[in-house]
K.L.:
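My structure is below; once you've seen it, I'll send some questions.
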Amino acid sequence: MLQQINVEEKRLEDYRSIIGDSKMEEILALAAPLKGAKVLHVNATAFGGGVSEILYALVPLMRDVGLDAEWQILHGEDEFFNVTKSFHNALQGAEISLTEEAKEIFNRYGRLNAEALEGDYDFVLMHDPQTAAIRHYHGHEGGKHWIWRCHIDTSTPYPEVWNFLQPYLEIYDAGIFTLEQYVYGDLEFPVLALITPTIDPLSPKNRPQTLQESREIIRRFGIDTNRPLLVQVSRFDPWKDPLGVTDAYRMIKVQMPELQLALVGSMASDDPEGWDYYERTIRHAGEDYDVHILHNLHGVGNVEVNAFQNAADVVIQKSTREGFGMVVTEALWKGKPVIGGNVGGIPLQVIDGKTGYLVDNPLMCAERCYHLLQHPEESKAMGQAAQEHVRDNFLITEHLKNYLKLFTKLSAF
Ligand code: UDP
């Protein structure tokens, strides 16, 4: 049996004051005919990264509106996660060498996890490449409708890896991507849904904190709250470009010697490269003690991430590839304009000049940060627009609605 993840209860009703009556009614109307439907989500990890963030909120809300929803994680050892991490990089465009050994490992775990998947479901949702082969090895029982959800930017994948995965993907009944341009080549699904990730406004990471509370928390990590602070919260990963953020910080530091930078990252259990890149980030920062490099093992959990985002003068997400960038959503929701890389899902969220700025390189990043640091009133107005943009489009309730719409569509098949 796959490992079951327990989630807390949540009530949709608690979101009414945030999203308003009409959105609430729409969700309840969509959920009514689906009452009792059995839903299974499978992904690779319960900690770290955007997918697990979403499932902690989405699964309980699906239950609250009457669906019988479960979340299980697949079984994997380092050998498997090394392969899937290289696939993840390749799907985002990195050239890798796809060895016979890697294929064998991917297939072996695909079969093993398919055999461990028990039960009968109306909707089985497989998240990301780690799960891709399970449908193939499981055969046609166990799920009426099989859905593969891709959370990464696959607009320019390394073709060898895409071609290897495509036969596993096209046997799903539906595919979900964040953006249409992520569906590469001639891959087709009977049903294609475009759904963006979202955040839970009531989670400890996004619940309102006063500035005073946030400042108290980040002081514990050595931040001087009387001096300006730039923050990027991300896994330690080349695509998140923590080195570029450090370069941008250095450029501003020349004009503003009191500036501090916090690079906050978590170590996901399916991300073996994380530690290597963490070391590189530390080396790049060198002897500058105004650069604070922190991760979950230092005690930076959800409440602390909330505090860093809320207390930052400017939030940066200088990714060079990004599926969506939930950290961007989190910061915008806290009324912070975000300086974001002009890639993947970031431009959906950062509307240049309105909810933040889009940048292509460290120099541009430094210029925009410096501008916002010098113009706090402008920054505040942008932050308000940012929060409304998230309220309209990127809260977990919207996600629930979109899944219910997809289930309704598939039920008609
Ligand atoms: N995250 C976290 N602690 C960290 C770094 C990241 O809790 O130190 C969370 C972050 O708040 C966000 C998720 O991990 O909710 C990252 O999602 P995103 O879509 O930004 O990137 P991914 O890691 O999925 O590529």
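None of these values were measured; they are calculated from a predicted model. All residue numbers in this chain count up from 1 along the given sequence.
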K.L.:
Taking only residues two or more places apart in sequence or in another chain, which ones pass side-chain hydrogen bond (donor to acceptor under 3.5 Å, both in side chains) with H389?
P.N.:
N393

K.L.:
Is the Y168 ring parallel, tilted or perpendicular to the Y137 ring (thresholds 30°, 60°)?
P.N.:
tilted

K.L.:
Suppose we screen for side-chain hydrogen bond (donor to acceptor under 3.5 Å, both in side chains). Which residues come up paired with E13, at least two apart in sequence or across chains?
P.N.:
R16

K.L.:
State which residues pass side chain to side chain contact (heavy atoms under 4.5 Å, CB included) with I96; sequence neighbours excluded, sorted by chain then number.
P.N.:
S86, F87, A90, Y158, V161

K.L.:
Can you classify the ring geometry of W146 versus Y172 as parallel (below 30°), tilted (30 to 60°) or perpendicular (above 60°)?
P.N.:
perpendicular

K.L.:
Identify, with sequence neighbours excluded, every residue that meets side chain to side chain contact (heavy atoms under 4.5 Å, CB included) alongside T225.
P.N.:
R215, I218, R219

K.L.:
Using the test side-chain hydrogen bond (donor to acceptor under 3.5 Å, both in side chains), find all partners of H41 that sit at least two apart in sequence or belong to another chain.
P.N.:
H127

K.L.:
What side-chain hydrogen bond (donor to acceptor under 3.5 Å, both in side chains) pairs are there with at least one residue in residues 400-413, not counting sequence neighbours?
P.N.:
E398-K401

K.L.:
Okay, side chain of N306, backbone of N302: is any donor-acceptor separation there less than 3.5 Å?
P.N.:
no

K.L.:
Could you tell me which residues satisfy side-chain hydrogen bond (donor to acceptor under 3.5 Å, both in side chains) with T355, sequence neighbours excluded, listed by chain and number?
P.N.:
none

K.L.:
Not counting sequence neighbours, which residues clear side chain to side chain contact (heavy atoms under 4.5 Å, CB included) with S234? List them please.
P.N.:
Q232, K240, Q317

K.L.:
Less than 4.5 Å apart, side chain to side chain, heavy atoms only: is that true for I54 and Y56?
P.N.:
no

K.L.:
Could you pull out all residues at least two apart from P347 that satisfy side chain to side chain contact (heavy atoms under 4.5 Å, CB included)?
P.N.:
N342, L358

K.L.:
Applying ring-ring contact (aromatic ring centres under 6.0 Å, His included) as the test, list every pair that has at least one member in residues 222-268; sequence neighbours left out.
P.N.:
F236-Y278

K.L.:
Name all pairs fulfilling the ring-ring contact (aromatic ring centres under 6.0 Å, His included) condition that reach into residues 305-328, sequence neighbours left out, sorted by first residue then second.
P.N.:
F221-F308, F324-F394

K.L.:
Give me each pair satisfying side-chain hydrogen bond (donor to acceptor under 3.5 Å, both in side chains) with a member in residues 376-386, each pair once, sequence neighbours excluded.
P.N.:
Y357-E378, H371-E378

K.L.:
Does this structure show an ion pair linking E26 with K23, if we count only N-O contacts that are shorter than 4.0 Å?
P.N.:
no

